[in-house]
Amino acid sequence: MVVKVGLIGYGTIGKRVADAVALQKDMQLVGVTGHSYDYKIEVAKKKGFRIFATDGMEDFIKNNIQPEGDINNLIEEVDVIVDCTPKKIGKENKDKYYLPKKIKAIFQGGEKPDVADASFVAQCNYNEALNKNYVRVVSCNTTGLCRTLYPINQRYGIDSVHATMVRRAVDPWDIYHGPVNAIVPVLELPSHHGPDAQTVLHDVNIFTTAMSVPTTLMHMHSLIVDMKKKATVEEILDMFRKTTRIRVVRNAEGVRSTAEVMEFAKDISRLRGDMPEICIWEEGVGVKDKKLFYLQAIHQESDVVPENIDAIRAVTGFKDGKKSIEITNKAMGINNF
Ligand code: NAD
């Protein structure tokens with residue numbers, strides 16, 4: 001069966017999900033929406049993607065792009081929509097289009113959890129999304145927390161987690177926002193990441209704090225996990241190395257920072273220089289009694305992309321989550337180096 005997919009919101013996440021859908025043998029990218037004319041839509045046209053307009057039809061036509069219709073026309077042709085619009089618009093689109101037209105939809109982490117029937121990280125709770133109508137792929141930070149905490153909880157049990165998110169200020173293309181020269185603490189405790197992680201890891205006791213810093217490349221998390229059972233550093237590293245969509249990187253080979261992680265992604269010829277795996281530093285893992293410490297870097301623009309692909313399979317009835325992850329990883333080259 002080939003699943004017909006429509007992409008709404010062709011921005012940072014949307015353009016990556018569109019490319020990832022186009023790579024899957026069991027999916028067809030029916031089209032993407034343009035909201036206003038810009039270089040991204042020119043690239044979509046060059047890639048041969050069909051373009052539908054949510055707004056600015058005249059502007060498209062003036063620039064020699066003839067949209068094939070509007071959002072309603074796109075929805076009519078697809079089995080599932082992936083909504084990658086900015087936060088709150090996904091919910092508006094659900095009420096305006098997806099519910100009345102009874103079309104399945106995948107939302108992103110900017111939406112509140114109640115937009116969907118399940119929040120989703122494929123390797124943690126694939127089955128919760130199976131055959132659901134609405135699924136929310138959690139944010140980049142929450143995806144990172146869930147991917148690495150899940151195997152710890154499975155193998156050693158977790159009493160509690162304290163995690164601090166050091167967040168990139170903006171995405172690299174964004175010339176409007178900051179901070180440029182400040183460290184901005186999130187003055188809300190816990191930060192929203194902890195409760196968000198619990199929408200996937202329901203029984204994990206986690207408390208989070210966060211701050212934004214002047215960098216665009218990646219987020220960094222510092223985690224302290226109180227485990228129920230003792231483990232050695234080697235056992236923890238071995239577990240991370242064997243877990244999908246995680247990469248253990250090494251200071252010893254010169255990967256000392258987020259800058260070098262991004263350079264490494266370019267060197268292994270990743271599309272757009274993306275690093276969808278969560279990167280954990282080998283030398284940053286420590287154990288004291290049953291307390292585990294580790295540092296991980298999150299490429300915010302790409303870690304949620306494979307999750308969207310698995311979510312499409314889950315909502316359209318593909319039962320084997322492990323197999324879906326394997327297919328997605330192979331098509332996208334995840335964990336291939
Ligand atoms: P973005 O601003 O880069 O892209 C959003 C796209 O939607 C733009 O192309 C914009 O033109 C289009 N758009 C705006 N209003 C629209 C409308 N009414 N109808 C259709 N299209 C519209 O945003 P993004 O960073 O890709 O974020 C999208 C979602 O993904 C948000 O929920 C966000 O929280 C989540 N997310 C973002 C990141 C990240 O770091 N960028 C990471 C994980 C999850």
Side-chain angles (χ1 to χ4, degrees), residues 6-20 31-44 49 51-57 59-60 65 67 69-75 81-98 105-113 115-116 119-121 134-147 165-177 192-193 196-197 200 210 212 215-220 258 262 272 274-276 278 297-308 311:
L7 194 294
I8 296 183
Y10 194 72
T12 308
I13 303 298
K15 63 186 182 181
R16 287 173 166 82
V17 173
D19 285 339
V32 305
T33 59
H35 194 58
S36 53
Y37 174 78
D38 62 11
Y39 65 92
K40 284 176 276 184
I41 287 302
E42 285 289 1
V43 175
F49 297 165
I51 293 158
F52 295 76
T54 45
D55 208 358
M57 186 75 93
D59 223 17
F60 287 119
I65 289 185
D70 60 16
I71 189 167
N72 288 305
N73 301 115
L74 176 59
I75 289 171
I81 285 289
V82 182
D83 187 305
C84 297
T85 58
K87 68 176 171 191
K88 295 189 183 157
I89 294 176
K91 165 83 171 99
E92 283 172 25
N93 284 342
K94 179 184 175 186
D95 295 339
K96 201 165 161 192
Y97 302 109
Y98 315 148
I106 315 290
F107 299 97
Q108 308 307 309
E111 301 304 318
K112 295 238 163 67
V115 76
S119 291
F120 183 78
V121 175
Y134 303 109
V135 165
R136 168 180 164 266
V137 169
V138 292
S139 76
C140 49
N141 279 306
T142 306
T143 298
L145 290 172
C146 293
R147 275 198 202 150
M165 258 56 57
V166 181
R167 295 157 66 186
R168 60 90 180 98
V170 292
D171 288 332
W173 59 267
D174 188 341
I175 58 173
Y176 298 111
H177 302 101
H192 72 272
H193 310 92
D196 203 32
V200 176
S212 299
T215 179
T216 63
L217 302 175
M218 299 181 92
H219 305 295
M220 179 89 83
T258 53
M262 289 285 83
R272 295 189 177 87
D274 284 347
M275 179 62 83
I278 306 306
I298 315 295
H299 186 220
Q300 74 279 353
E301 295 171 288
S302 68
D303 70 329
V304 298
V305 175
E307 305 297 338
N308 275 276

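All ligand and atom numbering here is 1-based and tracks the order in the structure. Small disclaimer: the values here were computed from a predicted structure and weren't measured.
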Atom 11 (O) of ligand 1 has as its nearest protein heavy atom His35 CB, 3.4 Å

With a cut-off of under 6.0 Å to the ring centre and 45° to the axis, is Lys94 in cation-pi contact with Tyr134? yes

Any non-hydrogen side-chain atom of Leu145 less than 4.5 Å from a side-chain atom of Met165?
yes

*Arg136/Asp196 ion pair, N-O < 4.0 Å*: yes

min-distance protein heavy atom vs atom 30 (O) of ligand 1 -> Gln108 CB, 3.4 Å

Nearest non-hydrogen protein atom to atom 1 (P) of ligand 1, with distance, is Thr12 N, 4.0 Å

Atoms of ligand 1 under 4.0 Å from any heavy atom of Ile13, numbered from 1 in the order shown, are 26 (O), 30 (O), 36 (N), 37 (C), 38 (C), 42 (C), 43 (C)

Q | Check ion pair Glu301-Arg16 (N to O, under 4.0 angstrom) | A | yes

the protein heavy atom lying closest to atom 41 (N) of ligand 1 turns out to be Asp171 OD2, 2.6 Å

Taking a cutoff of less than 4.0 Å between a non-hydrogen atom of the residue and any ligand atom, is Trp173 in contact with ligand 1? yes

Of all protein heavy atoms, the one nearest atom 4 (O) of ligand 1 is Gly11 CA, 3.3 Å

Closest non-hydrogen contact found for Ala210 with Arg167 is CB-CD, 4.1 Å

Is any side-chain heavy atom of Ile65 closer than 4.5 Å to one of Glu42?
yes

Among non-hydrogen protein atoms, atom 32 (O) of ligand 1 lies closest to Gly110 N, 3.0 Å

CD1 (Ile106) and SG (Cys84) are apart, to the nearest 0.5 Å, by 9.5 Å

With heavy atoms and a 4.0 Å threshold, my read on which part of Gln300 contacts ligand 1 is both

Honestly, for Arg168 the part within reach of ligand 1 (heavy atoms, under 4.0 Å) is side chain

query = Any idea how Tyr37 and Phe60 line up, ring-wise: parallel (<30°), tilted (30 to 60°), or perpendicular (>60°)?
reply = perpendicular

For Gln300 and Met218 the tightest heavy-atom approach is OE1-CA, 3.3 Å

The atoms of ligand 1 lying under 4.0 Å from a heavy atom of Pro86, numbered in the order shown, are 5 (C), 7 (O), 13 (N), 14 (C), 15 (N)

Atom 43 (C) of ligand 1: closest protein heavy atom, distance to 0.1 Å, is Cys140 N, 3.6 Å

Heavy-atom neighbours of Lys91 NZ exceed 12 at 6.0 Å
no

Please verify whether a non-hydrogen atom of Lys15 lies at under 4.0 Å from ligand 1. no

At under 4.0 Å between heavy atoms, what of Ile89 touches ligand 1? The answer is side chain

Is Ile8 close to Ile71 at the side-chain level, that is, under 4.5 Å between some pair of heavy atoms?
yes

Within 4.0 Å of some non-hydrogen atom of Tyr10, the atoms of ligand 1 are 9 (O)

Under 4.0 Å between heavy atoms, the region of Cys84 that gets near ligand 1 turns out to be backbone

Ligand 1 to Thr85, heavy atom cutoff 4.0 Å, flagged ligand atoms 7 (O), 19 (N), 20 (C), 21 (N), 22 (C), 28 (C), 29 (C), 31 (C), 32 (O)

